[in-house]
Amino acid sequence: MMKSAVIIFPGSNCDDDMVHALKQFTGAKVEKVWHKKTSLEGFDLVVLPGGFSYGDYLRSGAIARFSPIMQAVIAHAEAGKLLLGVCNGFQILCEAGLLPGALLHNDNSKFICKNVFIKPENTSTMLTKSLDQATALKIPIAHGEGRFFAPPEQLLAMEKSNQVIFRYCDENGNITKEANPNGSINNIAGVCNEQKNVFGLMPHPERAVFETLANEDGRPIFQSIFEKEIAL
C-alpha cells in the first residue's frame, strides 16, 4: 500500500481536504506531517496542500520554502519519489526550485475563488496517465497569486519536454483567453519537473471529489496516481 504524507505549515488550511481525498478515493495510508519535522522516510507520495503558509508574507511560499521539513521534501524529490503541490503547495515548490517558473499576482490583482475548467495536456505522467485529454474537468480555484510565468527560453523547453500537464479551458475543452482565470502564460494550470515525479497544480482537485458537493471531477486525478505505475 502506498504511504502518503500531507505536510502542514502554519497557515495551511486544505490539509484535511487532502487527507480525506487521498484516504477515501485511493486507499492510501495517509499521515499529517508538521513542518518542523525533518524526515519523510518511508513515504511514497508527499503532498504540500493549499492555504496561506506563514500568512503569505513576502511572496506566497517564500517563507515556507525555508521550513525544516523542506530539506526532506527536496531529498524526497531528488530520490525520484512522487511530490505534489496544490495551490500554496505549488507556490512553495516553485520557490524551492523544485518546479520551473513562478506564480505571480493574478492579472486582475484580485483573489479569485470559483470553479474553472482544466484539461490534461498529455498522459505521460503519473498525475494524468488515466485521464482523457478531450475531457474538461471542473475544478475549483482559490488564489491571489496563481498566474504562472516562465521566461521564453524556459517556457519553450517546458513545452518541448511535456512539462505542462494541465491548461485552463472552457467547459468544452477549448483553450481560450476567456477561459484563463488569472492570466497564466499559455493557459498553464499545472506543471511537472523534467523527471516527471514532481507536480504542481493551482486548482484544487481535493475539493472536487465528493458527490455531496456536486462535483467529483477531481477524483480521477487522485486515482490516476495510484493505478499501475508507468515508467518515469
Side-chain angles (χ1 to χ4, degrees), residues 46-53 56 58-66 70 73-74 76-78 80 82-112 116-129 131 133 136-137 139 141-170 173-205 221 232:
V46 171
V47 182
L48 278 59
F52 303 92
S53 59
D56 275 353
L58 301 181
R59 299 180 307 276
S60 296
I63 299 177
R65 179 262 179 274
F66 293 101
M70 287 305 296
V73 170
I74 292 169
H76 182 89
E78 290 178 344
L82 296 175
L83 176 60
L84 169 64
V86 174
C87 197
N88 190 227
F90 186 5
Q91 294 162 342
I92 296 169
L93 294 181
C94 287
E95 289 286 339
L98 291 172
L99 286 174
L103 283 312
L104 308 181
H105 286 282
N106 299 339
D107 59 357
N108 64 3
S109 299
K110 296 180 180 179
F111 188 89
I112 304 173
V116 299
F117 289 93
I118 62 174
K119 71 174 185 177
E121 178 67 13
N122 63 73
T123 56
S124 63
T125 75
M126 293 290 290
L127 210 65
T128 60
K129 68 182 187 296
L131 304 181
Q133 285 185 258
L137 303 172
I139 308 291
I141 58 170
H143 58 249
E145 296 177 50
R147 177 165 57 97
F148 184 82
F149 174 81
E153 299 82 4
Q154 187 178 47
L155 185 64
L156 180 60
M158 290 174 59
E159 296 279 9
K160 285 184 175 180
S161 58
N162 288 328
Q163 289 179 251
V164 176
I165 55 174
F166 285 101
R167 297 189 199 270
Y168 296 109
C169 63
D170 64 21
N174 301 306
I175 298 171
T176 66
K177 180 179 179 181
E178 292 72 25
N180 189 334
N182 51 32
S184 287
I185 194 166
N186 290 9
N187 281 48
I188 292 174
V191 304
C192 66
N193 64 344
E194 287 187 66
Q195 294 73 30
K196 295 183 172 57
N197 67 303
V198 180
F199 307 93
L201 288 175
M202 281 314 296
H204 287 267
I221 295 175
L232 294 177

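- Leu201 places a side-chain heavy atom less than 4.5 Å from the side chain of Leu127.
- With sequence neighbours excluded, the residues satisfying side-chain contact (heavy atoms from CB on, under 4.5 Å) with Asn174 are Asp170, Asn172, Thr176.
- Here Tyr168 contributes atom OH and Ile188 contributes atom CD1; the two are 10.0 Å apart, rounded to the nearest 0.5 Å.
- We find the CD-SG distance between Glu145 and Cys87 to be 10.0 Å, quoted to the nearest 0.5 Å.
- Nearest heavy atoms, Cys169 versus Ala136: SG-CB, 3.7 Å.
- Asn88 has its side chain within reach of Asp56: a pair of non-hydrogen atoms, C-beta onward, lies under 4.5 Å apart.
- Here the closest non-hydrogen pair linking Cys192 and Thr125 is SG-CG2, 4.2 Å.
- Residues Met70 and Ile92 form a side-chain contact, since some pair of their non-hydrogen atoms from C-beta on lies under 4.5 Å apart.
- A distance of 9.5 Å separates CD1 of Ile112 from CE of Met202, quoted to the nearest 0.5 Å.
- The shortest distance between side-chain heavy atoms of Asn162 and Glu121 does not fall below 4.5 Å.
- Remark: side-chain polar atoms of Asn122 are paired, donor with acceptor, to backbone N or O of Val164 under 3.5 angstrom.
- Panel note: side chain Ser53, backbone Ile63; no donor-acceptor pair is recorded below 3.5 Å.
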*Audit row: Leu137, Ile221, side chain to side chain contact (heavy atoms under 4.5 Å, CB included) steps and yes/no*: CA-CA 10 Å; Leu137 303 172; Ile221 295 175; 4.1 Å; yes
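- Ring geometry for Phe90 against Phe148 counts as parallel: the plane angle stays under 30°, on a 0 to 90° scale with 60° as the upper cut.
- In this structure the side chain of Val73 reaches within 4.5 angstrom of the side chain of Leu98, judged on heavy atoms.
- Of all the heavy atoms in Pro205 and Val86, the pair that sits closest is CD-CG1, 4.2 Å.
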_Before you tell me yes or no, could you show the steps for Asn182 and Leu104 under side chain to side chain contact (heavy atoms under 4.5 Å, CB included), namely the whole-Å CA-CA distance, both residues' side-chain angles and the distance that decides it to 0.1 Å?_
CA-CA 9 Å; Asn182 51 32; Leu104 308 181; over 6 Å; no
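- Rounding to the nearest 0.5 angstrom, the gap separating the NZ atom in Lys160 from the CE atom in Met158 is 14.0 Å.
- Across Cys94 and Leu103, no two heavy atoms sit closer than the pair SG-CD2, 3.6 Å.
- Within the 4.5 Å cutoff, side-chain heavy atoms of Glu194 are placed close to those of Gln163.
- Asn187 places no side-chain N or O within 3.5 Å of a backbone atom of Arg167 that could act as its donor or acceptor partner.
- For the atom pair OG of Ser109 and CZ of Arg147, the computed distance is 8.0 Å after rounding to the nearest 0.5 Å.
- Paired with Phe199 under the rule side-chain contact (heavy atoms from CB on, under 4.5 Å), one option of Leu82, Val47, Thr128 passes, and it is Leu82.
- Of all heavy-atom pairs spanning Ile118 and Ala189, the tightest one is CG2-CB, 3.9 Å.
- The two residues Pro203 and Ile141 have their closest heavy-atom pair at CA-CG2, 3.8 Å.
- Checked by atom type and distance alone, the side chain of Asn106 pairs as donor or acceptor with a backbone atom of His143 at under 3.5 Å.
- Distance check, rounded to the nearest 0.5 Å: CZ of Phe149 to CG of Asn186 gives 11.0 Å.
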*Under the side-chain hydrogen bond (donor to acceptor under 3.5 Å, both in side chains) rule, what do Asn193 and Gln195 come out as? Steps first, then yes or no, please.*
CA-CA 5 Å; Asn193 64 344; Gln195 294 73 30; 3.2 Å; yes
